[in-house]
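Protein chains get the first letters and strands the later ones, always in sequence-line order, with residue 1 at the start of each.
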Amino acid sequence: MSPGALPGFRDFYPTELAERSYIFGGWRDVARRYGFVEYDGPPLEPLDLYTKKSGAEIVDQLYNFTDKGGREIALRPEMTPTFARMVAARANAMRKPVRWFSLPQLFRYERAQRGRLREHFQLNMDIVGEADVSADAELLAAAIDVMRVFGLTSEDVVARVSDRRLLNALLAGIGVTSEQLPAAYAALDKLDRDPREVLEQRLAAAGLSVQTAAQLFELAGATADEAAFSQLVDAAGATAEWETLRSYLDHLESLGVRDWVRVDLSIVRGLAYYTGIVFELFDAKGELRAICGGGRYDTLLESLGGVSLPALGFGMGDVVLGELLRVRGKMPASEPAVDVWVAYGDSGTVEDAMRVAAKVRARGRSVEYALGSQKLARQLKAAYAAGAKQTLVIATPELSANEAMVRRKDEKVELRVQLDEWIAGA
RNA sequence: GUGGCCGUAGCUCAAUUGGUUAGAGCACCGGACUGUGGCUCCGGGGGUUGUGGGUUCAAUUCCCAUCGGUCACCCCA
């Protein structure tokens, strides 16, 4: 956080911008590998684009105001509504499934915390028009490959997956009614954070019997054990749902990312939103917030007034990811360096350096030289400090007009070259 | 929005129960090494101690408020 910037907003100095660009580069690279194409929309949208989806309460959590034309508008807190609108407008004309990604800057009016600012960039990858579970596998594999492209391994990051339909069937199997579902989900979500007794109390308040509550906890705990899991599935008559998840895991195996994935029914995410498989990526040590979250939202496009198409997607923010990369030493140090530094000796002036710089720049290389008038020793010091890959010295008494001495970074030897030839090859 | 902890130079930190003009290292700028760079030496700029009040002869130090940071709650699109 930079003092001076609004709370929760960041100034990107060159070092930070280099890190951001590095992250963006990895994101675009992986999205491209999976055949996704990039889009963008306006950062400012009508307020009701968000209230329509999330209700009026959402207004507390976003930047909204009335513009000079009297329109109620908001800085976008998420990309999905914009995405839905854009897809809906051309749904009929597009080849399905649609694979789009975007790197929007998103805003939310909340108190900032570690990993959660008022502004961030988020990789959004979405697939529209494919109901088959293979699409779910493709999407998660892409999210995991993003981890890989940054040098992270399955030791560093774990993907926890669940399936809304399977969970609903299992919950129904142990006697949870549809009215009690929200309470059951809330309890699952809080499993790691709140003590068991507190959760039991809340479940009881929602009308769940002591026995049902106990089975609920068993359900969440059985995730690692396939045998016990199968029993629960059989008991609930959720075989079809289980088969879907099994097939999902098989696909992930084929895509080469099965090691990263763990079934975990305590993954909840937005209740009104997701309809099928959901997932989250966490750092394996559990020190940070979720790196990424997403899943299938087959009914959302239609409910937003668009077309009826199955869809799925995820969002991955730059803040937590950046922290993870720094903590794990995976963030490359930025080395802003010019290609060539032109220094001149006593036989010349800054204008000689200028003439050479102009020619080398015309060749497409980045060039810097000492502005003003400086002694050669100082110029060379500056060249070193700038991290110049090559330093060219011209106009010293021992050099003729068309000669220069060249030294590469980190090399001791200095070569005498013909200036014209050297520039031509630069 | 609620609560806990924390705010001294760009960064990391000092400043003896409250006591002269708030210091150091790194970084930055300049000088020396008589002109081919990383070393060394010397010097310099930079702070209304987050801000505003209060207590006191005297506040970086104690009290209150406020702003900011951080953690948790809420929420997670």
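Rounded to a whole angstrom, the distance from the C1' atom of B:rC73 to that of B:rC28 is 44 Å. If you take atom P in B:rG69 and the same atom in B:rC62, they sit 23 Å apart, rounded to whole Å. Rounded to whole Å, the P atom of B:rG47 lies 31 Å from the corresponding atom of B:rG38. The C1' atoms of B:rG18 and B:rG54 are separated by 15 Å, rounded to the nearest whole Å. Across B:rG10 and B:rG46, the matching C1' atoms stand 9 Å from one another, rounded to whole Å. The separation of B:rG7 from B:rA14, taken at their P atoms, amounts to 10 Å, rounded to a whole angstrom. The separation of B:rU8 from B:rA24, taken at their C1' atoms, amounts to 13 Å, rounded to a whole angstrom.
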Are any protein N/O atoms closer than 3.5 Å to N/O atoms in nucleotides 3-6 of chain B? If there are, list each pair with its distance.
residue: B:rG3; atom: O6; partner: A:Arg111; partner atom: NH2; Å: 3.1

Table of protein N/O atoms under 3.5 Å from nucleotides 28-31 of chain B N/O atoms:
residue: B:rG31; atom: OP2; partner: A:Arg378; partner atom: NE; Å: 3.3
residue: B:rG31; atom: OP2; partner: A:Arg378; partner atom: NH2; Å: 2.8

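In this structure, a donor-acceptor pair under 3.5 Å is absent between the side chains of A:Glu241 and A:Thr244. Side chain to side chain, A:Asn124 and A:Gln122 meet the donor-acceptor criterion of an N or O pair below 3.5 Å.
Toward the 5′ end of RNA chain B lies the nearest nucleotide of A:Gly115, the other residue of the pair A:Gln61 and A:Gly115 mapping further downstream.
Side-chain atoms of A:Thr82 and A:Pro42, non-hydrogen and from C-beta on, do get closer than 4.5 Å to each other.
Residue side chain A:Gln379 does not reach the base of B:rU36 through any donor-acceptor N/O pair under 3.5 Å, judged by distance alone. A donor-acceptor contact under 3.5 Å links the side chain of A:Arg116 to the base of B:rC75.
Residue contacts for A:Lys409: at a heavy-atom cut-off of 4.0 Å it reaches no nucleic acid atom on any strand shown. If you check every strand for non-hydrogen atoms under 4.0 Å, A:Ala377 touches sugar and phosphate atoms only.
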Could you go through the side-chain contact (heavy atoms from CB on, under 4.5 Å) check for A:Arg148 and A:Trp260 one step at a time?
CA-CA 11 Å; A:Arg148 274 196 181 132; A:Trp260 300 64; 3.6 Å; yes

The test is side-chain contact (heavy atoms from CB on, under 4.5 Å); show your working for A:Val176 and A:Thr212 and say whether it passes.
CA-CA 7 Å; A:Val176 177; A:Thr212 304; 3.7 Å; yes

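For A:Arg164 and A:Tyr185, the positive end sits near the middle of the six-membered ring, less than 6.0 Å away and at most 45° from its axis. Annotation: cation-pi pair A:Arg20/A:Phe12 present, NZ/CZ under 6.0 Å from the ring centroid and within 45° of its normal. The cationic atom of A:Arg99 (NZ for Lys, CZ for Arg) does not lie both less than 6.0 Å from the six-membered ring centre of A:Tyr34 and within 45° of the ring axis.
For A:Gln113, the side-chain atoms get nearest to B:rA72 when compared with the rest of B:rU36, B:rA77, B:rA72. The side chain of A:Lys190 lies closest to B:rC74 when the candidates are B:rG38, B:rU36, B:rC74.
With sequence neighbours left out, the side chain to side chain contact (heavy atoms under 4.5 Å, CB included) criterion links A:Val360 to A:Val340, A:Val356, A:Arg365, A:Val367, A:Trp422, A:Ile423, A:Ala426. For A:Arg361, there are no side chain to side chain donor-acceptor pair (under 3.5 Å) partners two or more places apart in sequence or in a different chain.
Less than 6.0 angstrom separates the ring centroid of A:Tyr22 from the ring centroid of A:Phe150.
Listed by first and then second residue, the ring-ring contact (aromatic ring centres under 6.0 Å, His included) pairs that reach into residues 92-115 of chain A are A:Tyr39-A:Trp100, A:Tyr63-A:Tyr109, A:Phe83-A:Trp100, sequence neighbours excluded.
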In dot-bracket, 5' to 3', how would RNA chain B read with Watson-Crick or G-U wobble pairs under 3.5 Å, [ ] for crossing ones and | for pairs to another strand?
(((((((..((((.....[...)))).(((((.......))))).....(((((..]....))))))))))))....

